[in-house]
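We use all heavy atoms of the structure for the numbers below, so side chains are in, but hydrogens, waters and symmetry mates are not.
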Amino acid sequence: MSKIKYVIILLICYGLYKGYVAFTEFEIGVSDRVAKLEEAADIEKQGEVIALMMYLGDPPELNEHLLVKNESKCLDMKQIAEETSFAYYECAVVDANIRGGKIISINEELKVLE
């Protein structure tokens with residue numbers, strides 16, 4: 001009888017685990033699907049994001065910008081870019097228009113990250 005109880009308890013635990021995994025993956029999957037739908041629908045949003053910006057020329061003018069997920073990734077990318085290029089790079093929190101996971105235009109530079 002005790003072996004049957006252990007098997008039933010293990011099956012219940014396994015069922016709870018699978019339910020938890022399915023629930024968390026559903027939440028992650030929904031946000032990914034929403035992003036894909038926004039990209040497909042060509043929806044433009046405005047918000048604060050972290051951007052790696054490249055400046056060229058004298059005086060320096062903004063030439064390119066790249067949407068980055070977090071501050072540490074931006075600073076790592078900046079360091080690599082400065083080692084391989086003669087351009088000036090800057091990580092900053094900016095107010096930008098975003099479409100399809102890309103920065104379309106920068107409205108305002110809010111804070112430079114060091």
Side-chain angles (χ1 to χ4, degrees):
M1 183 72 171
S2 65
K3 289 182 182 180
I4 294 174
K5 286 182 184 178
Y6 287 130
V7 170
I8 291 173
I9 290 172
L10 286 174
L11 287 174
I12 290 172
C13 290
Y14 180 74
L16 290 173
Y17 166 74
K18 292 301 274 183
Y20 172 76
V21 169
F23 181 74
T24 56
E25 285 181 3
F26 176 75
E27 287 182 350
I28 293 170
V30 168
S31 62
D32 291 342
R33 280 185 251 141
V34 167
K36 287 179 184 177
L37 287 172
E38 286 177 347
E39 184 176 336
D42 207 25
I43 295 174
E44 188 170 315
K45 296 195 295 186
Q46 181 177 354
E48 290 183 15
V49 294
I50 297 175
L52 175 63
M53 299 181 292
M54 179 176 77
Y55 293 91
L56 290 175
D58 190 28
E61 291 184 25
L62 180 62
N63 190 27
E64 290 188 28
H65 39 72
L66 177 68
L67 180 65
V68 184
K69 290 185 179 183
N70 58 42
E71 181 178 341
S72 62
K73 177 122 175 122
C74 185
L75 294 173
D76 290 342
M77 291 172 69
K78 175 186 171 192
Q79 181 179 3
I80 292 168
E82 286 179 336
E83 291 172 356
T84 59
S85 170
F86 292 105
Y88 172 72
Y89 292 88
E90 181 177 80
C91 288
V93 177
V94 296
D95 181 38
N97 295 334
I98 304 161
R99 182 183 307 145
K102 297 180 181 180
I103 296 175
I104 302 302
S105 64
I106 295 177
N107 301 326
E108 181 181 2
E109 187 175 312
L110 303 173
K111 175 184 167 189
V112 176
L113 304 173
E114 296 296 326

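Side-chain contact check for Met77 versus Leu75: every heavy-atom pair is 4.5 Å or farther apart. Counting heavy atoms from C-beta on, the side chains of Ile103 and Asn97 never come closer than 4.5 Å. The side-chain heavy atoms of Glu82 and Ile80, taken from C-beta on, include no pair separated by under 4.5 Å. Counting only heavy atoms from C-beta outward, the side chains of Gln46 and Asn107 approach each other to under 4.5 Å.
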Worked check of side-chain contact (heavy atoms from CB on, under 4.5 Å) between Val49 and Ile98 | CA-CA 9 Å; Val49 294; Ile98 304 161; 3.2 Å; yes
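Under a hydrophobic clustering in which Ile, Leu, Val, Met, Phe, Trp and Tyr are joined whenever their side-chain heavy atoms come within less than 4.5 Å, directly or via other members, Leu66 and Leu56 fall into the same cluster. Both Ile4 and Ile12 belong to a single network of hydrophobic side chains, linked directly or stepwise wherever heavy atoms of I, L, V, M, F, W or Y lie under 4.5 Å apart. Residues Met53 and Leu113 do not share a hydrophobic cluster, defined by chaining ILVMFWY side chains whose heavy atoms lie under 4.5 Å apart. Val93 and Leu67 fall into different hydrophobic clusters, where Ile, Leu, Val, Met, Phe, Trp and Tyr residues are linked whenever their side-chain heavy atoms come under 4.5 Å apart, directly or through other members. Linking ILVMFWY residues whenever their side-chain heavy atoms come closer than 4.5 Å, directly or via other members, leaves Ile50 and Tyr88 in distinct clusters.
Taken to the nearest 0.5 Å, the CG atom of Leu52 stands 8.5 Å off from the NZ atom of Lys78. Note that CD1 of Ile8 and NZ of Lys5 are 9.0 Å apart. Values are rounded to the nearest 0.5 Å.
Heavy atoms only, all atoms of each residue included: Ala51 and Cys74 are closest at O-SG, 3.8 Å.
Residue pairs satisfying the side chain to side chain donor-acceptor pair (under 3.5 Å) criterion with at least one member in residues 48-68, sequence neighbours excluded, are listed as follows: Tyr55-Glu90, Tyr55-Glu109.
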